[in-house]
Structures are given as structure tokens and as C-alpha cells.
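Excluded from the calculations below are hydrogen atoms, water molecules and symmetry mates; all remaining heavy atoms, backbone and side chain alike, are included. For this chain, numbers begin at 1 and follow the sequence in order.
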Amino acid sequence: MFGIPMVYVWLALAVIFGIAEIATTSIVSIWFALGSLAAVLTAWLVPDALWLQAVMFIAVSAVTLYFTRPVLSRYLLKKTPTNADMLIGKKAQVVQTISPSQPGRVKIGDLTWLAKANAEIPEGEFCIIQQIEGASVIVTKAETAVSA
């Protein structure tokens with residue numbers, strides 16, 4: 001390939017994937033760096049077999065991805081709860097009527113949030129926070145009224 005031995009090409013790819021891995025906060029390319037290293041070894045042992053080098057790259061990348069991703073996801077990629085996550089399941093008072101076609105606003109403590117719901121919830125009623133979606137909350141109507 002342009003007179004450059006494939007050992008150097010695969011080594012350069014391993015370095016690029018390694019740098020990409022270091023530069024991100026998630027695990028995104030370590031498998032490809034390992035696949036590239038396997039291709040470096042293959043290119044060193046069998047320099048004329050580009051197809052074998054590519055197969056080694058794909059195979060090692062796929063195998064390491066398949067076996068390590070679930071383990072790493074379990075231990076390293078856990079979602080960190082935020083303070084806003086503590087609002088889920090809490091009651092809030094509607095301060096601007098919410099309808100399926102028009103978001104309203106709810107008050108939770110001292111803060112008001114943009115709120116969406118599948119059913120109309122009039123101003124003054126109470127609702128339950130089901131989830132947080134960006135800067136708004138998804139709510140359902142509370143079954144029993146609660147005093148503020």
C-alpha cells in the first residue's frame with residue numbers, strides 16, 4: 001500500500017484507536033486497537049496476506065467486543081443518578097394546565113418545571129413525576145389530592 005509495509009499501517013491504526021480511547025470518557029475503541037495489534041502481528045508474520053490481516057483485525061475486534069462489552073457495561077458504564085432523578089415518584093402541583101397537545105408547568109419545592117402528560121391535568125391539581133426528559137418532566141395525574 002503506497003510502498004508502506006502494512007505493519008506500520010496497522011500500528012498507526014492501533015495508535016489512533018488508542019488515542020481515541022484515551023480522549024473519550026467512554027469505552028469506544030479499545031476493541032479496534034486490540035484488533036489492530038492482532039493485525040500488526042499477522043502483518044509481521046505474513047506480510048503478503050492483506051486479506052488475513054483484515055480477517056484478524058475484524059475477528060479480534062469482534063471477539064473482544066462480544067466478550068468484554070457486557071462486563072464493562074456492568075461495572076464501568078453505570079448511569080450516575082442526578083439530583084433531578086430524585087424527583088421521580090414525587091408529587092408536584094400543577095401551576096399551568098397540562099394537556100396532551102400543550103405542555104404546562106408544575107411546581108416541585110421552589111422550582112417550576114415544564115411538564116408533559118398524556119391526559120389533561122388542570123391548574124391546582126397534583127401529579128406524579130414519572131420521568132425526566134431533558135429540561136421537562138413527564139407526569140401523570142395523582143389519584144388522591146395532597147395538600148402543598
Minimum heavy-atom separation for [X] and [Y], please, with both atom names.
X	Y	answer
K141	I121	N-CD1, 3.6 Å
A20	V28	O-CG2, 4.4 Å
G18	A33	N-CB, 4.1 Å
A135	W113	O-CE3, 3.7 Å
L13	S36	CB-OG, 3.8 Å

Legend entry - Distance-only polar pair, side chains of E123 and T97, donor-acceptor under 3.5 Å: no
Legend entry - W31 and T68 side chains, donor-acceptor separation under 3.5 Å: yes
With rounding to the nearest 0.5 angstrom, report the [atom1] to [atom2] distance, [X] to [Y].
X	Y	atom1	atom2	result
F126	K91	CZ	NZ	8.5 Å
S29	L65	OG	CG	11.5 Å
L87	I129	CG	CD1	6.0 Å
Q130	I138	CD	CD1	9.5 Å
Q93	R105	CD	CZ	14.5 Å
L11	L37	CG	CG	7.5 Å

Under 4.5 Å between any side-chain heavy atoms of [X] and [Y], yes or no?
X	Y	result
I128	K90	no
P103	K116	yes
V106	T112	no
Y8	V40	no
V139	I98	yes

Hey, quick one: are [X] and [Y] part of the same hydrophobic cluster, counting side-chain heavy atoms closer than 4.5 Å, chains of contacts allowed?
X	Y	value
L52	M6	yes
I30	I19	no
I108	V95	no
F57	F67	no
L41	V63	no

Legend entry - Heavy-atom neighbours of F32 CZ exceed 12 at 6.0 Å: no
Legend entry - CA sep, side-chain torsions, deciding dist, call: Q131, V137, side chain to side chain contact (heavy atoms under 4.5 Å, CB included): CA-CA 6 Å; Q131 71 182 68; V137 292; over 6 Å; no
Inset, instruction - Determine which pairs satisfy side chain to side chain donor-acceptor pair (under 3.5 Å) with at least one residue from residues 40-58, sequence neighbours left out, and list them in order. - result: W10-Q53
Legend entry - Any donor-acceptor pair under 3.5 Å from S61 side chain to I58 backbone: no
